[in-house]
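To keep things clear, I will list the structure first and then write my remarks on it.
Predicted model, so just to flag it, every value in this text is computed and none were measured. Indexing begins at 1, ligand by ligand and atom by atom, following the structure's order.
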Amino acid sequence: MSEILLDKSAFLSNLTKISQKLGGKEKIMLIAKDNSYGHGSAQIAGIAREFGIKKAVVKSEMEAEQIAEFYDEILILSHIPTGCEKPDFSYAINDMSHFSKIKNGSKVHISVDTLMHRNGILPEQLDDALRLVRENHLNLGGFYTHFRASDEIGSDFFVQRENWRNFKISAQKKCKNLGFNVVFHSCNSAAIERSEEFSDDFARVGMAQFGYFQFSEILGLKPVLSLYADRISSRLLKKGERVGYGGVFEAPCDILISTYDLGYGDGLLRYNGKGDLRLGNNEKILGKMSMDSFASKDAGERVCVFDDARVWARFFNTIEYEILVKLSANIKRTVK
Ligand SMILES: *Cc1c(COP(=O)(O)O)cnc(C)c1O
């Protein structure tokens, strides 16, 4: 049966290098959203706790519950207030309307829109936000922002970072006067790579933990996930015969081909049989991918589909995030 192998030593080495860059592992808020970018949140959380990570960030309450036992604090990013929030979690405030809808007493981190214009309050709404925190008796844990172009070369990132720094100075002063003890976080992986000095309380570490860097290999990160498919059947495809839906691949000579047990139903992007999509052994996928299988030249019982998601990301003109996050939760994950 197909399987995802998680390289524990690569993951620990990545966490060590990121900790060094940030000045301590206690600065890490580990992003675990979307099944830890497809890696498997339960498996990843187990190793992260062993390493000493105390804080995680997820998308939803459901995700938070799945890994609650592993972390001291879990921040939920995309929560829409229900009035039934739990005291165990921290909730992002993404909109001014959330203050009055979220349950009194909830622990919150306020998202600040410093340029991305996706979520959060505007810096000039700080006074109103602090008033609403008090009126609704919320437990204010901190403020954060997200960079819109930390992974793109250009001045955009620096402009936004300046906006954040200015916001931070004023929020620090106001919170001190009000007696609020708050933390600040802004950097994702690419922003960490670009920060010559790290000045927030925490960084939200996403893709870097899994071994993918955006700018340079300076940190020496290593991919954690490799994906394997197992052979279902084999046959000799004679010269001129075709394999799979629509018979898109025609054998130029007799080839022993095999069908392996992963397809687009398992979250792989669907290869339409055109162009060279290479497996981990450098062989091509032959013909259109099926929902639950693909064909290639026989490579034995097990074939590595990829051990570096960038190969598939380049082929499909997308980012490694999308390749990894789509991997079905039904694929078995094993830590090795
Ligand atoms: C996903 C996400 C991150 C992590 O981004 P990476 O580029 O994977 O490090 C950080 N902050 C927020 C708000 C996010 O949504």
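Assignment of Met29 to the shell around ligand 1 is not supported, since no heavy atom sits closer than 4.0 Å.
The OG atom of Ser258 sits 8.5 Å away from the CZ atom of Arg235 when rounded to the nearest 0.5 Å.
Note: His109 and Tyr144 have tilted aromatic rings, judged against thresholds of 30 and 60 degrees for the angle between ring planes.
With a 4.0 Å cut-off on non-hydrogen atoms, Val57 does not touch ligand 1 at all. At a heavy-atom cutoff of 4.0 Å, ligand 1 is contacted by both the backbone and the side chain of Met207. In Ile31, the part holding a heavy atom less than 4.0 Å from any atom of ligand 1 is the side chain.
Distance from atom 4 (C) of ligand 1 to its nearest protein heavy atom, with residue and atom name: Tyr37 OH, 3.3 Å.
In this structure a side-chain-to-backbone donor-acceptor pair under 3.5 Å is present from Arg204 to His185. Between the side chain of Glu85 and the backbone N or O of Thr82 there is at least one donor-acceptor pair closer than 3.5 Å.
Here atom 14 (C) of ligand 1 lies nearest to Lys33 when heavy atoms of Arg204, Gln209, Lys33 are compared.
Applying the 4.0 Å criterion to heavy atoms of Arg118 picks out, from ligand 1, the atoms 15 (O). Heavy-atom contacts of Gly206 reach the following atoms of ligand 1: 4 (C), 6 (P), 8 (O), 9 (O) (cutoff under 4.0 Å).
Closest approach of Val303 and Ala299 over heavy atoms only: CG2-CB, 4.1 Å.
Cation-pi geometry between Arg278 and Tyr271 is not satisfied (NZ or CZ under 6.0 Å from the ring centre, within 45° of the ring normal).
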